[in-house]
Amino acid sequence: MIFYNSSYKLLSMNLFIIAILVSAGLYVYFDFQKNQLLKYITKPLTTILIIVVAFLQQANDYDLYSCLIITGLIFSLFGDIFLMLPNDKFIQGLIAFLVAHIFYIVAFSLGFGPYLEIGYLIPAAIYTITFL
């Protein structure tokens, strides 16, 4: 039964990944064709499918990292929708993407452990400033 569940999960994951690629490709095509209605459908659909794949990647228990990434993806979806709206919602879209990126930064920083200590950040900051 475990083999069946993992095979089913792998198959459904692959189908969703194919659906993401098709939806993203259709978005690019509809954008090129200037078809606003179908652009408004495929853009958020692509992000929704990515969120579904993120949920499928979960184990039975949701850890903090997964919850932060999925929350960031949901705010990215809001950002996509705000930026697509015909009336001026640019600031709302910008704020949604800012919140999404804050969730991503917190999630990704969970894996750094001792590397976030100031002794590691100072050389990285000097290196960055030198090249800027």
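Computed from heavy atoms alone, side chains included, the values below leave out hydrogens, waters and symmetry copies. Computed from a prediction, not measured in an experiment: that's the story for all the values here.
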Point-to-point distance, once rounded to the nearest 0.5 Å, from [atom1] of [X] to [atom2] of [Y]:
X   : Y    : atom1 : atom2 : result
L15 : M13  : CG    : CE    : 11.0 Å
I81 : L77  : CD1   : CG    : 4.0 Å
F90 : L85  : CZ    : CG    : 13.5 Å
I20 : I48  : CD1   : CD1   : 11.5 Å
L49 : L56  : CG    : CG    : 10.5 Å
L98 : F103 : CG    : CZ    : 11.0 Å

Under 4.5 Å between side-chain heavy atoms, counting indirect links through other Ile/Leu/Val/Met/Phe/Trp/Tyr residues: same cluster for [X] and [Y] or not?
X    : Y    : result
F30  : L21  : no
I17  : I70  : yes
I129 : Y127 : no
V52  : Y27  : no
F32  : V22  : no

Checklist entry - Going through the distances and angles, do L26 and L45 end up as a side-chain contact (heavy atoms from CB on, under 4.5 Å)? => result CA-CA 11 Å; L26 286 172; L45 176 63; over 6 Å; no
Nearest heavy atoms of [X] and [Y], plus distance in Å:
X    : Y    : answer
P44  : M84  : CD-CE, 3.7 Å
A107 : Y65  : O-CD1, 3.3 Å
S76  : Y104 : OG-OH, 2.9 Å
A54  : L73  : CB-CD1, 3.8 Å
A24  : T46  : N-OG1, 3.5 Å

Item to check | Check against side-chain contact (heavy atoms from CB on, under 4.5 Å), L83 and F97 | outcome: CA-CA 10 Å; L83 292 180; F97 280 119; 3.5 Å; yes
Checklist entry - Can you tell me if T42 and Y29 form a side-chain donor-acceptor pair at under 3.5 Å? => result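 Y29 and T42 do not have a side-chain donor-acceptor pair below 3.5 Å.
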Checklist entry - So do I50 and F16 actually touch side chain to side chain, heavy atoms under 4.5 Å? => result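 Result no, sub-4.5 Å side-chain heavy-atom pair not found.
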Next on the checklist: Could you tell me if K89 sits above the aromatic ring of F82, with its cationic atom closer than 6.0 Å to the ring centre and no more than 45 degrees from the axis?
Outcome noted: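 Checked: cation-pi criterion not met.
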Checklist entry - Hey, does the side chain of S109 reach the backbone of I105 with a donor-acceptor pair shorter than 3.5 angstrom? => result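 The answer is yes, because a donor-acceptor pair under 3.5 Å joins these two groups.
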Next on the checklist: Test side-chain contact (heavy atoms from CB on, under 4.5 Å) on I41 and L38; report intermediate values, then the result.
Outcome noted: CA-CA 5 Å; I41 293 171; L38 293 176; 4.1 Å; yes
